[in-house]
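Sequence lines set the chain letters: A, B, ... in the order given, protein chains first and strands last, and positions in each chain run from 1. Atom set for the values below is all heavy atoms of this structure, side chains included, hydrogens, waters and symmetry mates excluded.
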Amino acid sequence: MQVKSFKPMMIFNKLVSVVTDYLNAQYGLEIRESAVQFQPTRKEFEGDYTLVVFPLAAKVSKSPVSFAEELGEHMMVQSDYVEAYNVVKGFLNFSLSARFWKEILEWTGDVGVHFKQLDKKGRLVLEYSSPNTNKPLHLGHIRNILLGWAMYKIKQRCGYELIRTQIVNDRGVAICKSMWAWKNCSSGETPESSGIKGDHLIGKYYVIFDKKLKEEYLDWQKSREAEACLKERVGKDENAEAFFKRFKNDYFNEFSKIGKEVRDMLRKWEEGNTEVTALWEKMNSWVYDGFDETYEKLEVTFDKTYYESDTYKLGKKLVEEGLEKETFFQKEDGSIWVDLSDSGMDEKLLLRSDGTSVYMTQDIGTARVRYDDFQMDEMIYVVGNEQDYHFKVLFEILKRLGESYAEGLYHLSYGMVDLPDGRMKSREGNVVDADDLIEEVINTAAKNVEERGDMAHLSEENQKENIRRIAMGALKFHLLKVNPKKRMVFNPEESVDMQGHTGPYVQNAFVRIQSILGKTEEYPFELMEDYWKINEEERSLIQLMLSYGEVIVRAGEEQDPSHLANYLYHLARTFHRFYHEHRIINAESEAAAAFRYHLIKHVSAYFEDGMELLGISMPSRM
RNA sequence: GGCUUCGUAGCUUAACUGGAUAGAGCACUUGACUACGGAUCAGGAGGUUGCAGGUUCGAAUCCUGCCGAAGUCACCA
């Protein structure tokens, strides 16, 4: 085992080129190496890797079976590592030698080797949180944030330089509603005086506002004005009840007294009125303290926070510039639009007739501010799929404005999180609050730990930290194991599961290995030289470790951390089975013990590294 | 209604992008600790991959048409 500089990827490439060279020499076929793919052989067949020969056989017009035989024979002769092969239909399965697996095992010791050959990529701005300041974070935000954090780690590993940002939506009517309610319906309570977390306090007044508005609306419905309005605007086949249900928003804008007060407040805010601005600043600061606490519990941080109250101004300016360049156009009422119909989209409003900005305006500004700050090459927005169209339009606009980073824009669009009884509706109080959820998983983990009693000898502080890691591991894994694009149904009971396809299952494999390593002596690597009968479970573990780099790269390129989560589960499953089948301490020979010692040591490093990329840390005991 | 996305075991989901007998977990059920941690392992049962066609050596995956669900089409964010 003197091959310290040995690079296993080269074996793979060599095996591939044995095939491509042969096709070239014998048949004059130029085949790209990427077209020759070895996949792990399915369990029910003999062999380690499989080459699907059908497409190749078709190209040389031979029968798949005989051509597979031909290739297999050739590989046996050409490569020292190919020990045996068999052909089933058009599938060529080949087995690699013990020497191959031992050399791979040695190579896998340093997790970093998988990434050494990756090119340096550019600078990447990642936006992975975009909260509104009128209510606390909920389950949907958690999915968003955890996805973003995992992407940060994974992209970084793939060679990008990452800038983590959030955009705070701190302006607009919604915030004014909370402000109005606090001003009119509280006796000046603060987070300190009430003991309520700042973001929850604001949320409380947002709900109070909604209640007040509803009361006012109900009263109004009995008025003459309402009667007249109903008569005038009710639709055909519509009863009064249905009408009033749909009319609520128009009522707020046209008839509501408190609605008018809220809009006055917004106008004053935009004019820079000192009293309103002071209230706005005070209440926002409460919210930020609350958010920070939640972020801390989720173990995430940001390099830079942007506020829409800052960026919308630049957005306006860019829109006006776009108008001068005739990228945009103006309607008679003064509103500014972009016409994207030649790209299969619609006309889109960019600036209202009264000159105030809309959502799109802000996002144009925010993008440019970020470029001024960081000169990024690419940017990823982690935002729910309800905004797919918005981002499609935004990216097209930035392209037309000639922004240099416009070709590197991505919307990591994740599916909504539904509850078993349907969509979350904040209005109806049917939301899973982020802080509540975190508290709940920690309580559940604590209960489990207490029942087991495996941690009793640890210090209280130590126990608490382990419990926290297990709980967060369960929650995070549960959200990250499914494909981000898919809408997911979140069952609170399943999110605190700690058995089966879960985070704690992976953590358990890790903790188990640490426990074993603590009980055995260290073996020098050379001692495994005499171990030749590598069993199926051992081979599977090495094979999995060998594919780690591929998995991460794929997760990065597809912006899908679930590939990594499922890989780690698979690795843990394979380890647990191995553990039950084979002795590590007191193995059948010293060579076997040495081999397994290094094997599990390496495997545990992959657990720790992979989970870290998902934002999950390992407990010391569980 | 237009556009977008999605229908896989009772529930939650996977399938290396067109490959072998669709793989897991939960729940249900039968077993396994006098050997390294039972938050584990082995087994059983559970599937016409929404339906119907088509493309080919081969389809959950690609094409067409239905059926069903969600999102979006604001001078909201």
Side-chain angles (χ1 to χ4, degrees), chain A residues 37 39-45 50 52-55 57-58 63-64 88-91 93 130 132 134 169 171-174 249 308 331 333-337 344-346 349-354 356-360 362-363 384-390 392 413 415-416 418 420 423 445 448-449 451-452 454 470 474 478 481-483 485-491 493-494 497-502 504-505 507-509 511-520 547 550-551 554 558 562-563 566-567 569-570 572-573 575-587 596 600 621-622:
Chain A
Q37 286 226 335
Q39 44 191 274
T41 302
R42 292 183 67 112
K43 241 186 116 186
E44 56 269 36
F45 299 97
T50 297
V52 181
V53 186
F54 291 101
S63 95
V88 181
K89 292 196 259 179
F91 299 92
N93 309 313
S130 42
N132 297 328
N134 63 324
N169 179 12
R171 56 180 233 104
V173 180
N249 201 37
E308 291 191 335
K331 292 196 175 174
D333 61 5
S335 57
I336 301 179
W337 297 70
M345 288 171 262
D346 296 325
L349 177 85
L350 300 176
L351 220 47
R352 295 194 186 100
S353 49
D354 64 3
T356 57
S357 66
V358 291
Y359 188 33
M360 192 64 75
Q362 301 171 359
D363 271 356
N385 65 10
E386 57 193 347
Q387 296 193 31
D388 283 355
Y389 185 67
H390 171 79
K392 210 177 148 198
S413 161
M416 298 287 97
D418 290 336
R423 187 171 181 178
N448 287 349
V449 163
E451 278 170 20
R452 283 161 208 279
D454 289 337
I470 295 164
H478 186 253
K481 76 180 178 188
V482 315
N483 186 325
K485 281 185 291 222
K486 285 196 158 181
R487 162 187 162 268
M488 76 181 283
V489 177
F490 182 89
N491 186 333
E493 283 162 27
E494 284 172 11
D497 272 353
M498 307 202 173
Q499 288 166 19
H501 192 180
T502 67
Y505 179 91
Q507 290 174 325
N508 183 239
V511 169
R512 204 175 223 183
I513 292 175
Q514 300 317 304
S515 170
I516 298 167
L517 289 175
K519 285 180 181 149
T520 182
S547 62
E550 243 171 76
V551 171
R554 184 170 171 218
E558 295 181 17
S562 74
H563 291 306
N566 288 321
Y567 165 88
Y569 169 71
H570 196 51
R573 211 169 101 82
F575 167 75
H576 281 305
R577 182 183 300 138
F578 159 77
Y579 168 86
H580 276 272
E581 295 289 326
H582 308 285
R583 297 284 311 164
I584 298 158
I585 299 173
N586 300 328
R596 287 171 194 161
I600 65 170
R621 293 187 69 89
M622 59 192 296

Please confirm whether the backbone N or O of Met622(A) pairs with a side-chain atom of Arg452(A), one donor and one acceptor, at under 3.5 Å?
no
Is Glu494(A) paired with Lys481(A) through a side-chain N to carboxylate O contact shorter than 4.0 Å?
no
Among the nucleotides A20(B), A39(B), C41(B), which one has an atom lying closest to any side-chain atom of Met622(A)?
A39(B)
Is Tyr505(A) near enough to G38(B) that one of its side-chain N or O atoms lies under 4.0 angstrom from OP1 or OP2?
no
Within this structure, what is the CE-to-C1' distance between Met416(A) and U4(B), rounded to whole angstrom?
14 Å
Over all strands shown, is Met488(A) touching base, sugar-phosphate only, or nothing at heavy-atom distances under 4.0 angstrom?
sugar-phosphate
Quick one: on RNA chain B, does Ile585(A) or Asp354(A) contact a more 5' nucleotide (nearest heavy atom)?
Ile585(A)
Rounded C1' spacing from G47(B) to G10(B) in Å:
12 Å
Between A14(B), C16(B), C36(B), spot the one nearest the side chain of Arg554(A), thanks.
C16(B)
Nearest-nucleotide pick for Ile470(A), side chain only, options being A39(B), A74(B), G38(B):
A39(B)
Ranking U13(B), G37(B), A77(B) by distance to the side chain of Asn169(A), first place goes to A77(B)
Nearest heavy-atom approach of Lys485(A) to Asn385(A) is O-ND2, 4.3 Å
Between Asn508(A) and His576(A), which heavy-atom pair has the shortest distance, and what is it?
OD1-CE1, 3.4 Å
Heavy atoms under 4.0 Å, any strand shown: does Asn491(A) hit a base, just sugar-phosphate, or nothing?
nothing
If you check the Arg452(A) side chain, which of A39(B), G7(B), A20(B) turns out closest?
A39(B)
Between C66(B) and C28(B) - P atom distance, rounded Å:
43 Å
Round to the nearest Å and state the distance from Leu349(A) atom CG to A74(B) atom P.
10 Å
Using the P atom on both, measure C62(B) against A15(B) and round to a whole Å.
13 Å
If you check every side-chain atom of Arg352(A), which of A15(B), A77(B), G37(B) has the closest atom?
A77(B)
With rounding to whole Å, what would you report as the distance between G2(B) and G65(B) at their P atoms?
12 Å
For the residue pair Tyr505(A) and Tyr569(A), categorise the inter-ring angle as parallel (less than 30°), tilted (30 to 60°) or perpendicular (more than 60°).
tilted
OP1 or OP2 of A14(B) sitting under 4.0 Å from any side-chain N/O of Lys486(A)?
yes
Looking at the angle O4'-C1'-N9-C4 for a purine or O4'-C1'-N1-C2 for a pyrimidine, is U49(B) syn or anti, with syn meaning within 90° of 0?
anti
Same-atom distance (C1') from A39(B) to G54(B), integer angstrom:
50 Å
Minimum-distance pair of heavy atoms, taken over all atoms of Ser413(A) and Gly384(A)
OG-C, 4.4 Å
Toward the 5' end of RNA chain B, by each residue's nearest nucleotide, Val53(A) or Ile516(A):
Val53(A)
pi-stack flag for Phe54(A) and G58(B), centroid dist under 5.5 Å, interplanar under 30°
no
Is a donor on one side and an acceptor on the other found under 3.5 Å between the side chain of Asn132(A) and the backbone of Asn134(A)?
no
For RNA chain B, the expected dot-bracket line (Watson-Crick or G-U under 3.5 Å, [ ] crossing, | inter-strand) is (((((((..((((.....[...)))).(((((.......))))).....(((((..]....))))))))))))....
Please measure how far the P atom in A9(B) lies from the corresponding atom in U13(B), and state the result in whole Å.
12 Å
Rounding to an integer number of angstrom, what distance separates G7(B) and U61(B) when you compare their P atoms?
11 Å
Suppose we screen for salt bridge (Lys or Arg N to Asp or Glu O under 4.0 Å). Which residues come up paired with Arg171(A), at least two apart in sequence or across chains?
Glu270(A)
Any base atoms under 4.0 Å from Glu558(A), or only sugar-phosphate, or nothing? Heavy atoms, all strands.
base
Return the value, rounded to whole Å, for the distance between atom CE of Met345(A) and atom C1' of U4(B).
12 Å
For G37(B), does OP1 or OP2 lie under 4.0 Å from any side-chain N or O of Ser515(A)?
yes
Nearest atoms (heavy-atom pairs only) where His563(A) meets Val551(A):
O-CG1, 3.8 Å
Locate the shortest heavy-atom distance separating Ile516(A) from Tyr579(A); write the atom from each residue and the value.
CD1-CE1, 3.8 Å
Please work out if Asp418(A) contacts a base, only the sugar-phosphate, or nothing of the nucleic acid, heavy-atom cut-off 4.0 Å.
nothing
Write down the distance separating the C1' atoms in C41(B) and C33(B), rounded off to the nearest Å.
11 Å
Name the nucleic acid region contacted by Asn134(A), choosing base, sugar-phosphate or nothing; use a 4.0 angstrom heavy-atom cut-off, strictly under.
nothing
When the distance from CZ of Phe91(A) to C1' of C57(B) is rounded to whole Å, what number comes out?
10 Å
Give one of base, sugar-phosphate or nothing for Pro55(A), where a contact means two heavy atoms less than 4.0 Å apart.
base
Across the strands shown, which category fits Val52(A) at heavy-atom distances under 4.0 angstrom: base, sugar-phosphate, nothing?
base
Output the single nucleotide from G19(B), A39(B), A20(B) whose closest atom is nearest the side chain of Thr41(A).
A20(B)
OP1, OP2 of A22(B) versus side-chain N and O of Lys43(A): anything below 4.0 Å?
no
Measure CG/Asp454(A) against P/G37(B) and give the value in whole Å, please.
11 Å
Ser357(A) versus Leu351(A), closest heavy-atom pair with distance
CA-CD1, 3.8 Å
Could you tell me whether Ser413(A) contacts a base, only the sugar-phosphate backbone, or nothing, with contacts defined as non-hydrogen atoms closer than 4.0 Å?
nothing
Think Arg423(A) has a side-chain N or O under 4.0 angstrom from the OP1 or OP2 of G71(B)?
yes
Regarding Asp497(A) and Thr502(A), do their side chains bring together a donor and an acceptor under 3.5 Å, going by distance alone?
no
Looking only at the side chain of Gln387(A) (C-beta and beyond, no hydrogens), which of the listed nucleotides A77(B), G37(B), C41(B) gets closest?
A77(B)
C36(B), OP1 or OP2 - any side-chain N/O from Arg596(A) closer than 4.0 Å?
no
Of the candidate nucleotides G19(B), U40(B), U21(B), which contains the atom at the shortest distance from the side chain of His580(A)?
U40(B)
Is the count of non-hydrogen atoms from other residues, nucleotides or ligands lying under 6.0 Å from Glu493(A) atom CD greater than 12?
no
Could Arg621(A) and Asp454(A) be called an ion pair, given the rule that one side-chain N must be under 4.0 Å from one carboxylate O?
no
Whole-Å distance between G58(B) C1' and Lys89(A) NZ?
8 Å
For nucleotides 23-28 of chain B, give me one character per nucleotide, 5' to 3': B if any protein heavy atom sits under 4.0 Å from the base, S if the only such contacts are to the sugar-phosphate, - if neither.
-SSS--
Could you tell me whether Val511(A) contacts a base, only the sugar-phosphate backbone, or nothing, with contacts defined as non-hydrogen atoms closer than 4.0 Å?
base
Ignoring the backbone of Arg583(A), work out which of U8(B), C41(B), A35(B) is nearest its side chain.
A35(B)
How would you label the contact of His570(A) with the nucleic acid (heavy atoms, under 4.0 Å): base, sugar-phosphate, or nothing?
nothing
